Structure formats: structure tokens, C-alpha cells
J.: 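I have a structure here, written as C-alpha cells, and I will follow up with some questions on it.
Keep in mind it's a predicted model, so treat the numbers as computed, not measured.
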Amino acid sequence: MILVETTRGTVEVALSGGYAGAALTLRRLTTPQFRNCQSRAMALLADAEALTTVLVRHELIERAEDYKRALSDPSFAAGFGAWLGAVECGIEAITAWTGILVRDDAGAAIPAPLARNRSRIAGDVEPQDPADLQARVVMETLFLDEHFQRQVSHHIDMAARILAIEGKGSGPSATGTAGEAPTAEGLNGVSDASPQGKAAPAA
């Protein structure tokens, strides 16, 4: 028997490595939502003014005039696009977090902000509200870190699998005889030993 059903609940993910102690709540992205994030990233990549703003902000280029030279290198362009895509997916998928801090004007560590309304920072590198701008910059900064980006994007990608296939019916084995049917995890290349609380949705 095979049961196909949609799962839309959020997933709690505990980060590891240098981000141990931090945790995220991720909502599951559908394919249209994921593609929309990629479209927003590509639009930013094609917007000279917006792209220059974000690249200078993070010191990825020294001067605004350098963006054309940077994008003339296909490797740089691909890297910028992948980063912006990850940022947009993070904005869309991350609904809460703990253990991620920023410094206030007095130098004290305080919880990093998330946008109150994701639509106000999605695809916009300069939202008008200072709190929204800070939330956008925090998200951009986090996804500049390769270790963070890999962990979170992995979970967001898995979260996009809204079709869960479960069952213990029989399926053909390598020898042609009946064997145990594959599970959702097996079909998607995830072993049963995967940490369920941390990788359930993937990125």
C-alpha cells in the first residue's frame, strides 16, 4: 500500500558546528514558492542598482563601479546568484530562530530580528523600515557563511518535498522477487538514520 499525502507543518532544525546552540523553525516550501525565490534572486542579479547596493554593503566589491567587472566573470555571477537565491529562500522559509544574535548600538548582544512581514523584504535590498532593513541584512550576512548556507539550504530543500510516500507494501527486488517497498526517505536518498528533528524538511 502506498499513501501519498501533503505535509505543510513547520519543522524545528538544530544547527551544528560553529552554529551549535542555534535553532530554526522552517516552513515547508512548495515548488512554486521555491521557484519564486529563485526568480526574485535572478531579478536582483539583473538589477544593477540593487546588486551594487548589496555587494558594496557586504564588501564583496570595493567600489560600485566594480560590479560590471565582477559579473563579467561567469563564476562570480553564478556565486552571487546562488547566494541571493539562498537568501530569498531563507526569507521565505525561516519563520523563527533562537541563538542568533546581533549587537545593538551599545554593543550588547541581542536576538537577531526577523522581518515582521516577509513580503516587505523579499526581493528588496533596501526596505524603507529600519527594522526590516536590519532583518534583510542579517539574512544576507548569515547566508554569506558557507557552513550556515549548506546546513540551512539542505533543510529547506528537503522541506520542499511535500509529497510523503509511506507504506510497507511489496516492491520488486534486484533479483526480481518481491521485496519491501521503498519509503519516502529511500526514494529521496535519505537514510532512516537521519536526525528526524533536524533534517526533516530540508531547506
J.: For the pair E12 and R27, find out whether any cationic side-chain nitrogen is under 4.0 Å from an anionic carboxylate oxygen.
T.: no
J.: Could you see if F143 belongs to whatever hydrophobic cluster contains V56? Use Ile, Leu, Val, Met, Phe, Trp, Tyr and a side-chain cutoff under 4.5 Å.
T.: yes
J.: Can you tell me if Q33 uses its side chain to pair, donor with acceptor, with the backbone of T30 under 3.5 Å?
T.: yes
J.: Closer than 3.5 angstrom, by distance alone: can the side chain of E92 be matched with the main-chain N or O of C37 as a donor-acceptor pair?
T.: no
J.: What distance separates H147 NE2 from Y19 OH, expressed to the nearest 0.5 Å?
T.: 8.0 Å
J.: Please test R120 against Q128 for side chain to side chain contact (heavy atoms under 4.5 Å, CB included), starting from the C-alpha separation and ending with a verdict.
T.: CA-CA 9 Å; R120 291 165 61 172; Q128 296 301 307; over 6 Å; no
J.: Check the hydrophobic clustering (I, L, V, M, F, W, Y; side-chain heavy atoms under 4.5 Å; chains of links allowed) and say if I121 and V137 are grouped together.
T.: no
J.: Do L60 and L45 sit in one hydrophobic cluster, given that two such residues count as connected whenever their side-chain heavy atoms are within less than 4.5 Å of each other, even indirectly?
T.: yes
J.: Could you pull out the closest heavy-atom pair between A22 and G99, with the gap in Å?
T.: CB-O, 4.0 Å
J.: Start with the C-alpha distance between L51 and L84, add both sets of side-chain angles, then the distance that settles side chain to side chain contact (heavy atoms under 4.5 Å, CB included), and finish with yes or no.
T.: CA-CA 10 Å; L51 185 62; L84 292 171; 4.1 Å; yes
J.: Is there a path from L114 to V87 through hydrophobic residues (I, L, V, M, F, W, Y) whose side chains come within less than 4.5 Å of each other?
T.: yes
J.: Mind checking the OG1-CG spacing from T95 to L24? Nearest 0.5 Å is all I need.
T.: 9.0 Å
J.: Do the non-hydrogen side-chain atoms of W97 and V138 ever get within less than 4.5 Å of each other?
T.: yes
J.: Within this structure, what is the CD-CG distance for the pair Q149 and L144, rounded to the nearest 0.5 Å?
T.: 10.0 Å
J.: Please walk me through it: do T25 and I94 pass side chain to side chain contact (heavy atoms under 4.5 Å, CB included)?
T.: CA-CA 6 Å; T25 301; I94 299 172; over 6 Å; no
J.: Same hydrophobic cluster for L133 and V54, using side-chain heavy-atom links shorter than 4.5 Å among ILVMFWY?
T.: no
J.: About how many Å separate CZ of R35 and CG of L29, when rounded to the nearest 0.5 Å?
T.: 11.5 Å
J.: Do other residues, nucleotides or ligands put more than 12 heavy atoms under 6.0 Å from R150 CZ?
T.: no
J.: Kindly indicate whether the side chain of R40, heavy atoms from C-beta on, has any atom under 4.5 Å from the side chain of D124.
T.: no
J.: More than 12 non-hydrogen atoms from neighbouring residues, nucleotides or ligands closer than 6.0 Å to CD on E146, yes or no?
T.: yes
J.: Taking all non-hydrogen atoms of both residues into account, name the closest pair between L101 and A109 and its distance.
T.: CD1-CB, 4.0 Å
J.: May I have the step-by-step check of side chain to side chain contact (heavy atoms under 4.5 Å, CB included) for E88 and Q38, ending in yes or no?
T.: CA-CA 7 Å; E88 294 299 325; Q38 300 304 312; over 6 Å; no
J.: Mind listing the closest non-hydrogen atom pair of E140 and V125 along with its distance?
T.: OE2-CG1, 4.3 Å
J.: Does a sphere of radius 6.0 Å around CZ in F76 hold more than 12 heavy atoms from other residues, nucleotides or ligands, not counting ones at 6.0 Å or beyond?
T.: no
J.: Decide, yes or no, whether a salt bridge links E126 with R136 under the criterion of side-chain N to carboxylate O below 4.0 Å.
T.: no
J.: Should D129 and R116 count as an ion pair when the cut-off is N to O under 4.0 Å?
T.: yes
J.: Can you see which heavy atom on L142 is nearest to which on F148, and at what distance?
T.: O-CD2, 3.4 Å
J.: Return the OG to CG distance between S39 and L44, rounded to the nearest 0.5 Å.
T.: 11.0 Å
J.: If you look at every heavy atom in A41 and G81, which pair is closest and at what distance?
T.: CB-O, 4.2 Å
J.: Can you check whether V102 reaches T141 side chain to side chain, under 4.5 Å on heavy atoms?
T.: no
